[in-house]
Amino acid sequence: MPELPEVETVKRGLAPTFEGALIETVDQNRPDLRFPFPERFVDRLSGARVNALSRRSKYLLADTDRGDVLVMHLGMSGSFRIENDLSQSAPGAFAHPKGKNEKHDHVVFHLETAARNEARVIYNDPRRFGFMDLIPRAELSEHPYFKDLGLEPLGNDLSGETLARLFQGRKSPLKAALLNQKLIAGLGNIYVCEALWRTGLSPTRAAGSLVTKSGKPSKAAVELAANIRETLQDAIKAGGSSLRDHTQTDGTLGYFQHSFAVYDREGEACRTKGCTGAVNRIVQSNRSTFFCPRCQS
DNA sequence: AGTGGGACCTGTCCGC
DNA sequence: TGCGGACAGGTCCCAC
């Protein structure tokens, strides 16, 4: 599922339940996801209180009063759902599509929320590309997960200037550079395709071609920076994208997939005003790229 | 140094 | 209806 807008949506969905909550106990239903769970995972969390929930790139971070930060990554197919007093009294409103998928409920957090309600937060991940880890707060920024991460595209750091600095002299395709988490952290396959289409830029051109000889950002670089932010913000507003069976924490669907201009629209008409092109699919770095060869150059 | 390709997993969909 | 292959939102690791 999850690129930055989906992880942000999950964070916002979980925060009211998680923040200030006491973790009474944890069910860890298997020894590993993508990686083994850390030593004494259940013991180190049981009895801890969650100070705050935050996001860095595509990672969710639950800061605890034990000095450990619970780091969670959703991989390709991870999702959370919440079961609480409210969902039991009004199952329709908060029901998550259940059934055959429940065998992939790998972790259950049993919580007493800040409002003193009992709640369960359940992590489900069919492909098990996600993972959880516990890292002492003081070691977080130097931890391998985080130390090489690039800038946050939603902060004030992303601009034509910063893109020019990151891309100068880079011969790799623009799409690969945007997916490189060491440069910009949090972009994934969907939103890179969408932001490039919005800017009329080909995914195959060299990243360095957005930089002038004097090292200044081109007009396209300035526009791309703005369009990346705008694409992500639009997606967050829409509650993220729900592809396949992914849902938000309350079981509702995101809506941004209806706004895709190119992603997963191979052969369909380009949505650029006045453009008569069709969306193409090519493979770059073993991953699908969708773009309109007529209006993206 | 920086990049492309394969690997990690399960589920789904499409063509035969 | 069954079966094989391709494909899926991410990222790590290893050859070039």
Side-chain angles (χ1 to χ4, degrees), chain A residues 1-11 29-36 55-60 71-80 97-106 123-133 143-150 153 166-195 203-208 231-232 235-236 238-248 253-260 262-267 281-290:
Chain A
M1 130 211 154
E3 299 181 33
L4 186 152
E6 289 72 40
V7 179
E8 179 65 24
T9 299
V10 169
K11 191 211 88 176
N29 296 333
R30 49 175 300 127
D32 56 22
L33 293 171
R34 178 173 183 186
F35 307 123
R55 177 190 61 74
R56 168 75 170 110
S57 185
K58 300 168 195 169
Y59 296 84
L60 282 171
V71 175
M72 299 173 278
H73 196 290
L74 303 174
M76 292 277 266
S77 61
S79 65
F80 285 97
K98 281 193 185 178
K100 57 186 174 180
N101 216 14
E102 271 180 288
K103 68 176 172 185
H104 299 300
D105 286 350
H106 304 308
Y123 180 69
N124 180 287
D125 188 355
R127 292 177 73 180
R128 304 202 302 274
F129 284 170
F131 58 88
M132 295 191 188
D133 209 342
H143 191 279
Y145 297 146
F146 300 104
K147 82 178 155 64
D148 294 322
L149 276 186
L166 294 171
F167 288 175
Q168 183 159 39
R170 222 168 256 274
K171 296 196 176 87
S172 63
L174 190 46
K175 186 192 182 207
L178 291 170
L179 281 176
N180 184 342
Q181 304 294 302
K182 293 177 181 173
L183 303 178
I184 303 171
L187 297 182
N189 207 31
I190 293 175
Y191 298 106
V192 165
C193 290
E194 294 297 313
T204 62
R205 69 188 269 169
T231 305
L232 298 175
I236 291 170
S241 301
S242 292
L243 295 185
R244 297 169 190 86
D245 64 351
H246 175 64
T247 59
Q248 296 179 37
L253 299 170
Y255 287 95
F256 193 74
Q257 68 277 13
H258 303 301
S259 304
F260 291 164
V262 286
Y263 184 81
D264 208 17
R265 293 191 64 242
E266 182 181 14
R281 174 182 175 274
I282 59 173
V283 175
Q284 293 178 286
S285 311
N286 265 345
R287 312 194 59 190
S288 290
T289 298
F290 298 91

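Below, chains carry the letters A, B, ... as their sequence lines are ordered, and counting in each starts from 1.
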Exercise for review: Report the distance from atom CG of A/Leu179 to atom C1' of B/dG2, rounded to the nearest whole Å.
Suggested key: 15 Å

Review point. Hey, is the side chain of A/Arg128 pairing donor to acceptor with the base of B/dC9 inside 3.5 Å?
Key: no

Check your understanding: Rounding to the closest angstrom, what is the interatomic distance between C/dC14 and B/dC9 at atom P?
Key -> 16 Å

**Study point:** side-chain N/O A/His73 vs C/dT11 OP1/OP2, d < 4.0 Å
**Key:** yes

Review point. Which value, in whole Å, describes the distance between the P atoms of nucleotides B/dA1 and C/dT11?
Key: 23 Å

Practice item. Taking A/Glu8 for its side chain and A/Arg55 for its backbone only, find out whether a donor-acceptor pair lies under 3.5 Å. Key: no

Exercise for review: Could I get the full list of side chain to side chain contact (heavy atoms under 4.5 Å, CB included) partners for A/Thr289, not counting sequence neighbours?
Suggested key: A/Lys175, A/Cys193, A/Pro203, A/Ile282, A/Gln284, A/Phe291

Check your understanding: Centres of the A/Phe146 and A/Tyr59 rings: under 6.0 Å?
Key -> yes

Review point. When you check the phosphate oxygens OP1 and OP2 of B/dG11, does a side-chain N or O of A/His104 lie under 4.0 Å from one of them?
Key: yes

Point to revise | Under 4.0 angstrom between A/Tyr191 side-chain N/O and C/dG9 OP1 or OP2 | key: no

Using the 3.5 Å cut-off, write out each protein N or O paired with an N or O of nucleotides 12-16 of chain C and the distance between them.
{"residue": "C/dC12", "atom": "O4'", "partner": "A/Arg34", "partner atom": "NH2", "Å": "2.7"}

Practice item. Report yes or no: is there a donor-acceptor pair, N or O only, under 3.5 Å between the side chain of A/Arg287 and the base of C/dA8? Key: no

Exercise for review: Could you tell me whether the phosphate oxygens of B/dG11, OP1 or OP2, come under 4.0 Å of any side-chain nitrogen or oxygen in A/Ser77?
Suggested key: no

**Study point:** salt bridge (charged side-chain N to carboxylate O under 4.0 Å, His left out) involving A/Arg30 - partner list, sequence neighbours excluded
**Key:** A/Asp32

Review point. Where are the stems of DNA chain B, defined as at least 3 consecutive Watson-Crick or wobble G-U pairs with both distances under 3.5 Å?
Key: B:2-8 with C:10-16, B:10-16 with C:2-8

Point to revise | Test salt bridge (charged side-chain N to carboxylate O under 4.0 Å, His left out) applied to A/Arg265 - qualifying residues, sequence neighbours left out | key: A/Glu268

Check your understanding: Considering only the C1' atoms, how many Å lie between B/dT3 and C/dG9, rounded to the nearest integer?
Key -> 22 Å

Practice item. Measure from the side-chain N and O atoms of A/Gln168 to the backbone N and O of A/Leu166, and report whether any donor-acceptor pair falls under 3.5 Å. Key: no

I'd like a list of close polar pairs between nucleotides 3-6 of chain B and the protein, N/O only, cut-off under 3.5 Å.
{"residue": "B/dT3", "atom": "OP1", "partner": "A/Ser172", "partner atom": "OG", "Å": "2.6"}
{"residue": "B/dG4", "atom": "OP2", "partner": "A/Ser285", "partner atom": "OG", "Å": "3.4"}

Review point. Between A/Phe129 and B/dC8, do the rings stack, that is, sit under 5.5 Å apart with planes less than 30° off each other?
Key: yes

Point to revise | Distance-only side-chain donor-acceptor flag, A/Tyr145 / A/Ser57, under 3.5 Å | key: no

Review point. Between C/dG9 atom C1' and A/Leu187 atom CG, what is the distance in whole Å?
Key: 13 Å

Review point. So with a 6.0 Å cut-off around CZ of A/Phe35, is the heavy-atom count from everything else above 12?
Key: yes

Practice item. Ignoring backbone atoms, test whether A/Lys58 places a side-chain nitrogen or oxygen under 4.0 Å from the OP1 or OP2 oxygen of C/dT11. Key: yes

Exercise for review: Kindly state whether the ring of A/Phe256 and the ring of A/Tyr191 have centres lying under 6.0 angstrom apart.
Suggested key: yes

Practice item. Would you indicate, yes or no, if B/dG11 has its OP1 or OP2 atom less than 4.0 angstrom from a side-chain nitrogen or oxygen of A/Lys103? Key: yes

